[in-house]
Amino acid sequence: MTIITVSSADLAALVVEAQNAPRKRMNLNLHPTLTDPVQRLLNAFEPGTYVRPHQHNDPGKWEFFAILHGRALVLTFDAAGIVQERHELAPAGAVQVIEIAAGTWHTLAALESGTLLLEVKPGPYTPAGPQDFAPWAPAEGTPGAVTLEHWFRAARVADRAPY
């Protein structure tokens, strides 16, 4: 295949999949394999999905996000869990594209239903290990994760994560 296309119907179906998924998110990979040197994917996020704060320690592992629909929040933290930056992404907002440098503690949160992001990052894909997650952030699937995800949406610069 020489051209990949994604239709509005494909995007709508991805959003519905995220809405019905237990984790409240779903991605559509545009790269052919997990070993591809450039990972390109569409991420549908719903409010309530928990992206545990993490960092990518490899110096070449930045992440790029462009908002296509909805509203998303990107928070960065210091090692103690204090918010360093807060950026809201919206198609008609002040910020529509963000790139997160390697080694930056960060998370994302959906601020409205139907949030859809384009994500690009260097490959190959490597699953996150325990050393990649913020030690002050509860694991996904725990009651503390629900509390922290709610906190993300109200957190401001200089606020400390409650864990």
Side-chain angles (χ1 to χ4, degrees), residues 4 6 8 10-12 14-15 17-19 21 23-31 34 36-129 131-137 140 145 148-161 163:
I4 297 171
V6 180
S8 57
D10 295 330
L11 296 177
L14 184 62
V15 166
E17 284 185 67
Q19 290 168 339
R23 295 174 75 202
K24 298 191 180 298
R25 65 181 186 240
M26 189 61 60
N27 67 288
L28 172 64
N29 290 350
L30 303 175
H31 49 278
L34 295 178
D36 199 88
V38 180
Q39 305 285 292
R40 305 167 306 281
L41 52 148
L42 296 163
N43 279 320
F45 288 80
E46 288 296 306
T49 191
Y50 176 65
V51 178
R52 187 175 180 189
H54 62 284
Q55 67 178 349
H56 306 281
N57 289 309
D58 182 330
K61 294 285 185 172
W62 46 265
E63 284 182 294
F64 169 96
F65 296 97
I67 187 91
L68 302 177
H69 188 268
R71 289 186 319 123
L73 172 67
V74 175
L75 296 174
T76 67
F77 305 90
D78 69 8
I82 297 172
V83 176
Q84 301 298 294
E85 296 179 66
R86 175 191 170 90
H87 300 282
E88 288 191 28
L89 285 71
V95 179
Q96 298 170 15
V97 173
I98 194 164
E99 185 172 294
I100 302 167
T104 303
W105 292 109
H106 65 282
T107 192
L108 292 99
L111 297 176
E112 65 183 50
S113 185
T115 296
L116 187 61
L117 298 168
L118 169 67
E119 179 178 352
V120 179
K121 58 188 173 185
Y125 170 77
T126 52
Q131 73 282 359
D132 300 315
F133 294 109
W136 44 264
E140 186 174 349
L148 190 57
E149 190 278 331
H150 287 288
W151 178 84
F152 291 157
R153 292 185 258 158
R156 300 288 180 242
V157 171
D159 287 351
R160 179 185 296 271
Y163 291 91

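Only a predicted model underlies this, so the values are computations on that prediction, with no experimental measurement involved. If you read the sequence from its start, that first residue is 1, and numbering goes on from there.
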Open item on the list: Do Ile67 and Thr115 make a side-chain contact, defined as non-hydrogen atoms from C-beta onward lying under 4.5 Å apart?
Closed with: yes
Task: Backbone N/O of Pro91 and side chain of Gln96: donor-acceptor pair under 3.5 Å - done: yes
Open item on the list: Test your reading of the model: is there a side-chain donor-acceptor pair from Arg86 to the backbone of Ala155, 3.5 Å cut-off?
Closed with: yes
TODO: Determine, stepwise, if the pair His31 / Val38 fulfils side-chain contact (heavy atoms from CB on, under 4.5 Å).
DONE: CA-CA 7 Å; His31 49 278; Val38 180; over 6 Å; no
TODO: Please answer whether the main-chain N or O of Glu85 pairs with a side-chain N or O of Thr76 as donor and acceptor at a distance below 3.5 Å.
DONE: yes
TODO: Answer whether the closest heavy-atom distance between the side chains of His106 and Gln84 falls below 4.5 Å.
DONE: no
- [ ] Kindly indicate, with the supporting measurements, whether the criterion side-chain contact (heavy atoms from CB on, under 4.5 Å) is fulfilled by Glu63 and Glu99.
- [x] CA-CA 6 Å; Glu63 284 182 294; Glu99 185 172 294; over 6 Å; no
TODO: State, to 0.1 Å, how close Phe133 and Ala128 come at their nearest heavy-atom pair, and which atoms those are.
DONE: CZ-CB, 3.7 Å
Task: Nearest heavy-atom neighbours spanning Ala102 and Pro59 - done: CB-O, 3.4 Å
TODO: Kindly compute the distance separating CG (Asp78) from OG1 (Thr104), expressed to the nearest 0.5 Å.
DONE: 11.5 Å
Task: Within the 6.0 Å centroid threshold, strictly below: Tyr163 and Trp151 - done: no
Task: N/O donor-acceptor pair under 3.5 Å between Ser113 side chain and Glu46 backbone - done: no
- [ ] Would you name the heavy atoms of Phe64 and Val97 that are closest together and state the gap between them?
- [x] CE1-CG1, 3.2 Å
Open item on the list: When you compare the side chain of Phe77 with that of Asp159, does any pair of heavy atoms fall below 4.5 Å?
Closed with: no
Task: Min side-chain heavy-atom separation Lys61-Lys121 under 4.5 Å - done: no
Open item on the list: Please check: side-chain N/O of Arg23 versus main-chain N/O of Ala21, any donor-acceptor pairing under 3.5 Å?
Closed with: no
- [ ] Over all heavy atoms of both residues, which pair between Ala137 and Tyr50 is shortest? Give the atoms and the distance, please.
- [x] CB-OH, 3.7 Å
- [ ] Give a yes or no on whether the backbone of Gly60 and the side-chain of Asp58 come within a donor-acceptor separation of less than 3.5 Å.
- [x] yes
Task: Test side-chain contact (heavy atoms from CB on, under 4.5 Å) applied to Glu88 and Leu111, step by step - done: CA-CA 9 Å; Glu88 288 191 28; Leu111 297 176; 3.7 Å; yes
Open item on the list: On a heavy-atom basis, which atom in Leu14 and which in Leu28 lie closest, and how many Å separate them?
Closed with: CD2-CB, 4.0 Å
- [ ] Verify the neighbour count for atom NE2 of His54: are there more than 12 heavy atoms of other residues, nucleotides or ligands below 6.0 Å?
- [x] yes
Open item on the list: Between Leu117 and Leu108, is there a side-chain heavy-atom distance shorter than 4.5 Å?
Closed with: yes
- [ ] To the nearest 0.5 Å, tell me how far Phe45 CZ sits from Gln19 CD.
- [x] 14.0 Å
Task: Gap separating the CG atom of Leu42 from the CG atom of Asp10, nearest 0.5 angstrom - done: 9.0 Å
Open item on the list: To check you understand the geometry: which heavy-atom pair defines the closest contact between Arg160 and Ile82, and what is its length?
Closed with: NH2-CD1, 3.4 Å
Task: Arg153 side chain to Ala109 backbone, donor-acceptor under 3.5 Å - done: no
Task: Spatial distance of atom CZ (Phe65) from atom CG (Leu118) [nearest 0.5 Å] - done: 9.5 Å
TODO: Answer whether the closest heavy-atom distance between the side chains of Phe152 and Val51 falls below 4.5 Å.
DONE: no
Open item on the list: side-chain contact (heavy atoms from CB on, under 4.5 Å) for Arg156 and Val83? Distances and angles first, verdict last.
Closed with: CA-CA 7 Å; Arg156 300 288 180 242; Val83 176; over 6 Å; no
Task: Reported OG1-to-CZ distance for the pair Thr107 and Arg52, which is rounded to 0.5 angstrom - done: 11.0 Å
Task: Heavy-atom check, side chain of Leu34 versus side chain of Gln39, under 4.5 Å - done: yes
Task: Donor-acceptor contact below 3.5 Å, side chain His69 vs main chain Leu116 - done: no
Task: Heavy-atom side-chain contact between Glu119 and Arg40 under 4.5 Å - done: no
Task: Among Lys24, Glu140, Arg25, the one residue meeting side chain to side chain donor-acceptor pair (under 3.5 Å) with Thr49 - done: Arg25
